[in-house]
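Right, one structure below, let's go through it.
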Amino acid sequence: MLGKLNLDALPYDPIAIGGAISLIGGTIGIAALLTYKKRWGWLYKEWLTSLDAKKIGIMYIVVATLMLLRGLMDAAMLRGQTAIASGENSGYLTSDHFQQMFSAHGTIMIFFVAMGLMFGLINLVLPLMLGARDVAFPFLNSVSFWLFFAGMALVNTSLIIGEFSAAGWLAYPPLSGLEYSPGVGVDYWIWSLQIAGIGSLLSGINFITTILKMRAPGMTLMKMPIFAWSVLTSMMLVVTAFPVLTVTLGLLSLDRLLGTNFFTTTLGGDPMMYVNLIWAWGHPEVYILILPAFGIFSEIVATFSRKRLFGYKSMVIALLAIAVLSYIVWLHHFFTMGAGPNVNAFFGIMTMIIAIPTGVKVFNWLFTMYRGSIDFKNPMIWFLGFVMTFTIGGMTGVMMSVPAIDFQMHNSMFLVAHFHNMIIGGVVFGYIAGFIYWFPKIFGFRLHEKLGTYVVGAWLIGFLLAFLPLYILGLKGATRRLDHYDSSLGWQWLFIISAIGVGVILLGVGLQLLQLYVSIKQRHKLRDTNGDPWNGRTLEWSTPSPAPFYNFAKLPSVTHRDEFWERKRSKSKPDASPYEDIELPRNTPDGIIIAGMAGAVGFALIWHIWWLAALGLIGCIVILIRRSIINPGEIIIPAAAIKAYENQLLKRTRS
């Protein structure tokens, strides 16, 4: 009846029990607060069933932030272990628990933090930037988010029931096969990623369609903001790369569920085929994450330099070049495979070449700043921190593109430091900067500037302390996934500095939470009174803050690349045409139900509860068929109501 599920699945390790209690206690606490405040109905009607892209974006960011806190706690425990586990001191984590935590940290930070922040910001900004009222497929957007949420829920369920994968965040065979991982940990990894990955694929389709079909009248592709171009290239990678991940995970699951031999060393299988497939997805995934961050920094630099972005066309070409080249560099992750000098030389050269369009973007940003009237607000300070950390990561990446160097650095802490340079120093810094930049547009008030400066300082100092020692450790021979080492190697002081760095990053996160709290308390003082707190250039700044639920009362017409900037410069008169009725999608719980069914299927396959898997799959199909036959329709907002609401916003702006 319950497959492999029994009481042995409950945690017994003290640290695991603590994690489970924290998760359960936090969930109960939130539920109790909502009950006490009588907010369940409000939460359901206004948020959980909403098809408003802005609200879905906020929910993405809330979930990603919660997962960031968990991922950072995992990182702190990992670095704490390596700081003390030297010589006779074995530390406080068992080897198995360390590997599970290592695998969970990588999985959470890539799939449920970076991806969540990315999709959250795109939902918040893209329709406004394009002059559109919504994304192309609002219901699909809801399904995408709830599938992301279901995948996140499965990852966290492993804290309470069963275990998580100890095979690393990419689960290479044969370690991820049944012979070496007979428990349910790898299955949790597979199905959490499979479900969230399908949601990402649906989002990619949705955003591509939105960009190609929902732009404001007159906005040609070459008049789009660079952020929109960065989203387009990123989503092109999503819709071509994520099917590879889906198939790869499916084949690994068949090896584990049905005893097939796709990735075994027997009966014709090949573990290296898995490694090729996972990195054929994995390296484009790096650019899926970093390209929107490039777009964010392009908008920030132009806005705070008070100049038009330098080299717009070259920026677009660079984005497209990166998207294409990202598919022909994957093998540099395993030069040591033994593919031969010709193959290694080709992929080494391609890896060096992809650095060229990336360098073009850095120089374009610097030329945009040149002779500009630079305003060093928090988003711009984050950009300067990004340039420093990302440049270090880029140089070390070019170093490792040389196969002879990679042979020495492969699987070492040097690689860990490089990867975090790109993902934290590039992706996370970019999304934090974007969140601060567009925060007043979504919430109606700015974040506290002085506290924000302290946040940047803590993150940047902590980052350098945490990862520069890892470069040295990599050169000294320290490998990844190391939970204990001999004291005679002289590594411990570097691991201690790295642990201190993680602590400083945690301080930065604490300051961010304080910044948010203080900003909410002082929201009237920090209120955005005119919808354009930064003197912006693109269309989202032409709307009141916070942006109305319909985005634009009248859809704008575009004649310039920086349309809003040109309107301000020419002092153009506002549109005097009459208001028209607006159609918006009706809220629906179907996205939650579909994701809940998908989550049930994943949980059932993990524990071999076949009847639940069948029931969940049938439920998904039934809901999709019902949705395709019975459309809940749309709500019509009368022109008179729009006019009254706009007048109310105008009065609030003038007050």
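The figures that follow rest on heavy atoms only: side chains count, while hydrogens, waters and symmetry mates do not. Position 1 is the first residue of the sequence; numbering continues from there. Computed from a predicted model, the values in this text were never measured in an experiment.
Counting only heavy atoms from C-beta outward, the side chains of Val135 and Leu126 never approach each other to under 4.5 Å. Leu249 has its side chain out of reach of Trp191: every pair of non-hydrogen atoms, C-beta onward, lies at least 4.5 Å apart. Ile300 places a side-chain heavy atom less than 4.5 Å from the side chain of Met380. Phe242 places none of its side-chain heavy atoms less than 4.5 Å from the side chain of Leu237. In this structure, the side chains of Met235 and Ile211 stay at 4.5 Å or more apart for every pair of heavy atoms. Side-chain contact check for Tyr431 versus Pro292: some heavy-atom pair is nearer than 4.5 Å. Here the side chains of Phe294 and Ile296 are not in contact, with every heavy-atom distance at 4.5 Å or above.
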- [ ] Could you walk me through whether Ile110 and Leu289 pass the side chain to side chain contact (heavy atoms under 4.5 Å, CB included) test, one step at a time?
- [x] CA-CA 9 Å; Ile110 294 295; Leu289 296 173; 4.3 Å; yes

Task: Stepwise ring pair (Phe, Tyr, Trp, His ring centres under 6.0 Å) check, Trp541 with Tyr437 - done: CA-CA 11 Å; Trp541 303 111; Tyr437 179 59; 5.2 Å; yes

TODO: Please lay out, stage by stage, how Ile424 and Trp459 fare under the test side chain to side chain contact (heavy atoms under 4.5 Å, CB included).
DONE: CA-CA 10 Å; Ile424 296 180; Trp459 265 92; 4.0 Å; yes

Open item on the list: Does Leu124 form a side chain to side chain contact (heavy atoms under 4.5 Å, CB included) with Lys441? I'd like the steps, not just the answer.
Closed with: CA-CA 9 Å; Leu124 291 176; Lys441 180 52 56 186; over 6 Å; no

Open item on the list: Determine whether Arg133 and Glu583 satisfy the following criterion, salt bridge (Lys or Arg N to Asp or Glu O under 4.0 Å), listing intermediate values before the conclusion.
Closed with: CA-CA 9 Å; Arg133 290 206 171 95; Glu583 293 184 359; over 6 Å; no

- [ ] Check the pair Ile208, Met236 against side chain to side chain contact (heavy atoms under 4.5 Å, CB included), reporting the backbone distance first and the verdict last.
- [x] CA-CA 7 Å; Ile208 288 175; Met236 288 164 57; 4.2 Å; yes

Please tabulate, for the side chains in residues 112-122, all donor-acceptor contacts under 3.5 angstrom to protein atoms that are two or more places apart in sequence or on a different chain.
none

Distance-only donor-acceptor hits, side chain of residues 58-67, under 3.5 Å, sequence neighbours excluded:
residue	atom	partner	partner atom	Å
Tyr60	OH	Phe145	N	3.4
Thr65	OG1	Ile61	O	2.7

Please output the side-chain donor-acceptor pairs of residues 68-75 that fall under 3.5 Å, not counting sequence neighbours, one pair per line with the distance.
residue	atom	partner	partner atom	Å
Arg70	NH1	Asn156	OD1	3.1

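When each of Leu201, Leu202, Asn123, Asn206 is paired with Ser144, the side-chain contact (heavy atoms from CB on, under 4.5 Å) condition holds for Leu202 and for no other. Only one option out of Leu451, Leu526, Leu513 pairs with Val518 in a side-chain contact (heavy atoms from CB on, under 4.5 Å); it is Leu451.
Using modelled atom types, one side-chain atom of Glu449 and one backbone atom of Asn378 make a donor-acceptor pair closer than 3.5 Å. At least one donor-acceptor pair under 3.5 Å links the side chain of Glu299 to the backbone N or O of Phe227. Distance alone, capped at 3.5 Å, places no donor-acceptor pair between the Arg586 side chain and the Leu51 backbone. Between the side chain of Glu634 and the backbone N or O of Leu584, no donor-acceptor pair lies under 3.5 Å. Checking side-chain atoms of Asn141 against main-chain N and O of Phe137 turns up no donor-acceptor pair under 3.5 Å. Remark: side-chain polar atoms of Ser628 are paired, donor with acceptor, to backbone N or O of Ile625 under 3.5 angstrom. Checking side-chain atoms of Gln194 against main-chain N and O of Thr246 turns up a donor-acceptor pair under 3.5 Å. Using a distance-only test at 3.5 Å, with no hydrogens or angles considered, no donor-acceptor pair links the side chain of Asp528 to the main chain of Ser545. Formation of a donor-acceptor pair under 3.5 Å by the Arg39 side chain with backbone atoms of Leu43 is not found in this model. Without hydrogens or angle criteria, Ser142 side chain to Pro138 main chain gives no donor-acceptor distance under 3.5 Å.
Distance check: Leu624 CG to Ile621 CD1 gives 8.0 Å after rounding to the nearest 0.5 Å. One finds the NZ atom of Lys54 at 9.0 Å from the CZ atom of Phe549 (value rounded to the nearest 0.5 Å). The distance from the CZ atom of Phe383 to the CZ atom of Phe304 is 12.5 Å, given to the nearest 0.5 Å. To the nearest 0.5 Å, atoms CH2 (Trp534) and CH2 (Trp438) are separated by 12.5 Å. Here the CD1-OG1 distance, from Ile593 to Thr49, works out to 10.5 Å after rounding to the nearest 0.5 Å. Here Leu5 contributes atom CG and Ile606 contributes atom CD1; the two are 11.0 Å apart, rounded to the nearest 0.5 Å.
A donor-acceptor contact closer than 3.5 angstrom is absent between the side chains of Tyr287 and Thr233. For Tyr188 and Trp607, the side-chain atoms include at least one donor-acceptor pair closer than 3.5 Å. There is no side-chain donor-acceptor pair under 3.5 Å between Ser103 and Trp189. For the residue pair Asn551 and Asp134, no side-chain donor N or O sits within less than 3.5 Å of a side-chain acceptor on the partner.
For residues 108-118, no residue pair satisfies the side-chain hydrogen bond (donor to acceptor under 3.5 Å, both in side chains) rule, not counting sequence neighbours.
Nearest approach of Trp382 to Ala433, heavy atoms of both residues: CB-CB, 3.6 Å. For the residue pair Ala598 and Ile195, the shortest heavy atom distance occurs at O-CD1, 3.3 Å. Across all their heavy atoms, Ile442 and Pro546 have their closest contact at O-CB, 3.0 Å. Summarising the geometry of Thr543 relative to Pro548, their closest heavy-atom pair is CB-CD, 4.4 Å, with the distance given to 0.1 Å. A pairwise comparison of heavy atoms in Ser519 and Phe445 identifies O-CE1, 3.5 Å as the closest pair. Residues Val238 and Gly204 share a closest heavy-atom pair of CG1-CA, 4.0 Å.
Surrounding OH of Tyr454 are at most 12 heavy atoms belonging to other residues, nucleotides or ligands under 6.0 Å away. Residue-environment remark: CD (Glu580) stays at or below the threshold of 12 foreign heavy atoms within 6.0 Å.
Every side chain to side chain contact (heavy atoms under 4.5 Å, CB included) that Ser542 has, sequence neighbours left out, goes to Leu539, Phe552, Phe564. Under the ring pair (Phe, Tyr, Trp, His ring centres under 6.0 Å) criterion, His420 pairs with Phe467, not counting sequence neighbours.
A cation-pi arrangement is absent between Arg523 and Phe443, since the terminal nitrogen or guanidinium carbon is not both under 6.0 Å from the aromatic centre and inside a 45° cone about the axis. Relative to the six-membered ring of Tyr579, Lys554 meets both conditions, a distance below 6.0 Å and an angle of at most 45° to the axis.
Between Phe439 and Phe435, the ring planes lie perpendicular to each other; the angle is over 60°, past the 30° to 60° tilted range.
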